[in-house]
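I have placed the structure first, in the form of structure tokens, so that the comments after it can refer back to it.
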Amino acid sequence: MATMIPPEPRLGAPSGELRVYEALRDNPGTADWVVWHGLPIRHHETQVEGEADFVILIPNEGMLVIEVKSHERVEIGADGLWRLGSQEPTSRSPYDQAIENARSLRSWILRRAYDPRYPIWHAVWFPNRGGELVKQLEARVDVTPDVTLTRPDLQPDRLVTGIVKALRAGERELRARGVRYEAGRPTEDDIAEARDLLTPPVTWRQASADARAARERDLREATERQEEALQYFAHYPRLVVEGPAGTGKTNIAVRAALQAANRDERVLLTCFNRKLEAELRHRLRDRSELTVARVHHLMLALTDLTPPDDADDAWWNGTLPDATLLITRAPGFEPPYTCVVADEAQDLARDSTLDVLDSLLVDGLAGARVVVAGDFEGQDIYRPRAAAPSLLEERAAAGGPLLETTTSTRRDLLLARLPDAGRMTVDRNVRQRPELAAFVEQLLGDDVYAQYERAELGGECGQALRFDSAEHQQQLLQQGLRDLWEEGWEPRDILVLSPRRASAARGATGTVADALAPDGADGPGIRWGTVHFFKGLEAPVVVLTDVDDSTPNWRDLFYVGATRATERLVVLTSVDAIADRVPRP
């Protein structure tokens, strides 16, 4: 009896599929086969998603992907359209479906694990039609020869030979195209690996789901500890909240904006980063009375200016705010907001930006209701600062931290605008699992967070892999992604970040390039981009590439990138001071 996955036919399966299922299950010649019925293909090459009626893995032969058509009526007209039973005519044949499903499964296996050294081919089965159909179909140029199975192939004495014949025909065709296979594949190990890849054990997935649910509960509970900040804002007009990455500052900002809106304030929730703006808008999509917008987005809307192609810092933080102030400071202009909440405020703390915000508020920054949340120690990555490898070497030699801890003048600039503001520090990590937070602190060489109990390092939570060339880094990136896929992480869980635009992801080829989402897109595939672009956001798994000392402000960029991860972090680095902090296995 074959190993059937699932062990019972799927509910609502057509009669033809049921007949095929029973024949495969009960035939003594299929005892060492693995058969999937109704296998979903979420990462389909030509559709949003697809489904393979049957996928059969046969030792020493290969994998056959079968499309089953239970219809009594099968017609192809002179117009090229297929008419199956009472279905609408279609130009997409069952053979097209089978070929696309087989290609999609092969592509999935290549991306997730290895290059299979056995044929993956396709077939179409008409279990309710006789063998006379085969000759008629194979006379067509668009039908693959030797891959059509019919009612007689359900018979015990023909089932095994018919399926194996289709697979061997596929192997001959693929070899003629230059594809090479190894004799005796798939082996028992190949079959076990394919099972784990296509249908990972439920116990692992359930454990992973439970772990994530527990982390989400911890996050909600930890965020409640910041209630003090909201209570302060409920009674006093201005508040500055500081803290390192992952301490819940964005949650405080969102809740403060909601609190002010509930008091009928005209609220602006603002930030610097485009991705963070989109995330905040999504979280507050049901509160249309709240304005969520980047400061520069507001300036463009007010001035009706279009950024030139070569717009630089002088244009964005000189020309544009000056043009905005000509409007907002003109007689008769009425400030639209009574309250401003700023997230990632260290990125906004410059005179030109603060002047604009001041002009948009009734009573200005010093008199309106204001909450600003930021990390002025580690995440002020937009200030110009030259790289200083010698300083890094001095710190590493002394066992000191990698983070730049010099007090930022941006904090002083902001506090000067809010002289009577209350100040509060949040320093307990609520984004990352405790073991990962400890791992990040180890890489940084500094106790960034205040934990009630220091968590033990978890070996599975992070890696720091040393590379010595661009080619070596590409190899590490490919292997690192494959390891994550084998662990069960989905592409949507993974974010590949770099301190610079000319990143390892941008230069990727082969399976890594295939797995990445299109540049700047949020669609299917692994998201990737610069640390700057994803600042303020998070992902379950972060792969941080290109960590070397050639990028200005690289230490702060490393800190920001590493703290985007909530569950797992992989760092690709050429910096000895980072790689040496991780014990070698």
Between [X] and [Y], what is the shortest heavy-atom contact and its length?
{"X": "E67", "Y": "A98", "answer": "CB-CB, 4.0 Å"}
{"X": "V440", "Y": "A562", "answer": "CG2-O, 4.0 Å"}
{"X": "G374", "Y": "Q346", "answer": "CA-OE1, 3.2 Å"}
{"X": "A52", "Y": "N101", "answer": "CA-ND2, 3.9 Å"}
{"X": "P186", "Y": "L57", "answer": "CG-CD1, 4.1 Å"}
{"X": "H122", "Y": "A102", "answer": "CB-CB, 4.3 Å"}

So how far is it from [X] [atom1] to [Y] [atom2], rounded to the nearest 0.5 Å?
{"X": "L276", "Y": "R274", "atom1": "CG", "atom2": "CZ", "answer": "12.5 Å"}
{"X": "S104", "Y": "I120", "atom1": "OG", "atom2": "CD1", "answer": "11.0 Å"}
{"X": "L477", "Y": "S498", "atom1": "CG", "atom2": "OG", "answer": "10.5 Å"}
{"X": "F439", "Y": "R568", "atom1": "CZ", "atom2": "CZ", "answer": "8.5 Å"}
{"X": "D483", "Y": "Q478", "atom1": "CG", "atom2": "CD", "answer": "11.0 Å"}
{"X": "L572", "Y": "L465", "atom1": "CG", "atom2": "CG", "answer": "5.5 Å"}

Are the charged groups of [X] and [Y] less than 4.0 angstrom apart, N to O?
{"X": "D190", "Y": "R117", "value": "no"}
{"X": "R294", "Y": "D347", "value": "no"}
{"X": "R185", "Y": "E182", "value": "yes"}
{"X": "R175", "Y": "E171", "value": "yes"}
{"X": "R500", "Y": "D548", "value": "yes"}
{"X": "E344", "Y": "K249", "value": "no"}

Between I99 and V65, is a side chain to side chain contact (heavy atoms under 4.5 Å, CB included) present by the stated rule, with each step listed?
CA-CA 8 Å; I99 291 169; V65 182; over 6 Å; no
Apply the test side chain to side chain contact (heavy atoms under 4.5 Å, CB included) to residues V541 and L495: give CA-CA distance (whole Å), side-chain angles for both, the deciding distance (0.1 Å), then the verdict.
CA-CA 6 Å; V541 181; L495 176 62; over 6 Å; no
Within 6.0 angstrom of R285 CZ, more than 12 heavy atoms from elsewhere:
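Yes.
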Could you check whether atom CG of D468 has more than 12 heavy atoms from other residues, nucleotides or ligands sitting under 6.0 Å from it?
yes
Do [X] and [Y] come close enough that some side-chain heavy atom pair is under 4.5 Å?
{"X": "L174", "Y": "W121", "value": "yes"}
{"X": "L497", "Y": "T545", "value": "no"}
{"X": "H296", "Y": "T270", "value": "no"}
{"X": "F272", "Y": "E277", "value": "no"}
{"X": "P244", "Y": "Y559", "value": "yes"}
{"X": "P499", "Y": "F558", "value": "no"}
{"X": "D576", "Y": "R466", "value": "yes"}
{"X": "V496", "Y": "R527", "value": "no"}

Please tell me whether D546 and S503 have a donor and an acceptor in their side chains that are separated by less than 3.5 angstrom.
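No, no side-chain donor-acceptor pair sits under 3.5 Å.
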Looking only at side-chain N and O atoms, does R283 offer a donor or acceptor that is under 3.5 Å from a partner on N251?
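R283 and N251 do have a side-chain donor-acceptor pair below 3.5 Å.
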If only atom types and distance count, is the side chain of [X] paired as donor or acceptor with the main-chain N or O of [Y] below 3.5 Å?
{"X": "T303", "Y": "T324", "answer": "no"}
{"X": "Q474", "Y": "A504", "answer": "yes"}
{"X": "T573", "Y": "V547", "answer": "yes"}

Show, in sequence, the C-alpha distance, side-chain angles and deciding distance for L360 and L302, and conclude whether the side chain to side chain contact (heavy atoms under 4.5 Å, CB included) test is met.
CA-CA 11 Å; L360 294 174; L302 282 166; 3.9 Å; yes
Test side chain to side chain donor-acceptor pair (under 3.5 Å) applied to H532 and N273, step by step:
CA-CA 8 Å; H532 300 80; N273 179 279; over 6 Å; no
Step-by-step side chain to side chain contact (heavy atoms under 4.5 Å, CB included) determination, V240 to R411:
CA-CA 10 Å; V240 177; R411 176 196 288 119; over 6 Å; no
If we check side-chain contact (heavy atoms from CB on, under 4.5 Å) with V543, which of these qualifies: I526, L476, L569, V570?
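For V543, the side-chain contact (heavy atoms from CB on, under 4.5 Å) test succeeds with only one of I526, L476, L569, V570, which is V570.
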